[in-house]
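Just so you know, ligand 1 is whichever comes first in the structure, and atom 1 is the first atom listed for that ligand. These numbers come from the heavy atoms of this one structure, side chains and all, not from hydrogens, waters or symmetry mates.
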Amino acid sequence: MHPDCERVLISEKEIQAKVAELGRCISNDYAGKELLMIGVLKGAAIFLADLVREIAVPTQYDFMALSSYGSAAKSSGRVRILKDLACEARGRHIIIVEDIVDTGLTMNFLAENLSSRDPASVKICTLLDKPSRRIKPVKIDYKGFVIPDKFVVGYGLDYGDRYRNIPCIMVLSPKIYTNKGE
Ligand code: IMP
Ligand code: MG
């Protein structure tokens, strides 16, 4: 247990089992095809690394970086590309891999952006879904866990770039992000 966290929401074991299940599902759906998985930096890096090793079809991966929360626990509402793909999206079967879909602003933007590059297909895979705060609609094709409206960290998810290396998903204590004028 981390001192800045309230409780464990999802254990390492539960994450592992879910990642394996998602990998099986994706492998079945893309049998005979080649995949391009696109991880959203930095949060999705750990999930992507585990997920690609559970996928049985030929898979390449790349990363994009988008502006999002910065160090605050609130969304700015604007999305910008900070780092684009190093490879071509045209003609590829793409799965966007994200750590969490919250307001949906990031995924809504990214799915539209990648769809405009003439790919063969675009689907969305997220480890966590926080539907209670959705502002923009997002069609999630592969979903790990639906979570309540709590700020969570670990397994790649951060607050102020910290806590990413916690191996499970934990609820951050509100005292960490309140009383800071955010
Ligand atoms: P959205 O654009 O509001 O859907 O936010 C997506 C991004 O916000 C995610 O990629 C995360 O980086 C961040 N985010 C949203 N909720 C949480 C949370 O509970 N913990 C950590 N990061 C979060
Ligand atoms: Mg993120």
Could Lys18 and Asp50 be called an ion pair, given the rule that one side-chain N must be under 4.0 Å from one carboxylate O? no

Output yes when Lys42 and Asp99 qualify as a salt bridge under the 4.0 Å nitrogen-oxygen rule, no when they do not. no

So is Val153 touching ligand 1 or not, going by heavy atoms under 4.0 Å? no

Atom OG of Ser132 and atom CG of Asp102: how far apart are they, to the nearest 0.5 Å? 7.5 Å

Nearest heavy atom to atom 4 (O) of ligand 1: which of Asp102, Val40, Ile169 does it belong to? Asp102

Ligand 1 contact on Asp99 by region, counting heavy-atom pairs under 4.0 Å: side chain

Can you list the atoms of ligand 1 that are under 4.0 Å from a heavy atom of Asp158? 21 (C), 22 (N)

Do the numbers put Lys83 on top of the ring of Phe63, so that NZ or CZ is under 6.0 Å from the six-membered ring centre and no more than 45° off the axis? no

Indicate, as side chain, backbone, both or neither, the part of Glu98 found under 4.0 angstrom from ligand 1 when only non-hydrogen atoms are considered. side chain

Val152-ligand 1 polar pair, N/O distance under 3.5 Å: yes

In this structure, CD1 of Ile140 is separated from CD of Glu98 (nearest 0.5 Å) by 10.0 Å

Which ligand 1 atoms, with their elements, are less than 4.0 angstrom from a heavy-atom of Thr106? 1 (P), 2 (O), 5 (O), 6 (C)

If I compare all heavy atoms of Ile38 with all of Met64, which pair ends up nearest, and what's the gap? CG2-CG, 4.0 Å

Do other residues, nucleotides or ligands put more than 12 heavy atoms under 6.0 Å from Lys136 NZ? no

Heavy-atom distances under 4.0 Å are what count here, so tell me which part of Ile100 touches ligand 1: side chain, backbone, both or neither. both

For Lys130, state whether at least one heavy atom is located under 4.0 Å from any atom of ligand 1. yes

Can an N or O of Gly104 be found at a distance shorter than 3.5 Å from an N or O of ligand 1? yes

Is it the side chain (CB and beyond), the backbone, both or neither of Lys150 that lies under 4.0 Å from ligand 1, heavy atoms counted? backbone

For Leu157, the ligand 1 atoms with a heavy-atom partner under 4.0 Å come out as 20 (N), 21 (C), 22 (N)

Charged N to carboxylate O under 4.0 angstrom, Asp29 versus Arg24? no

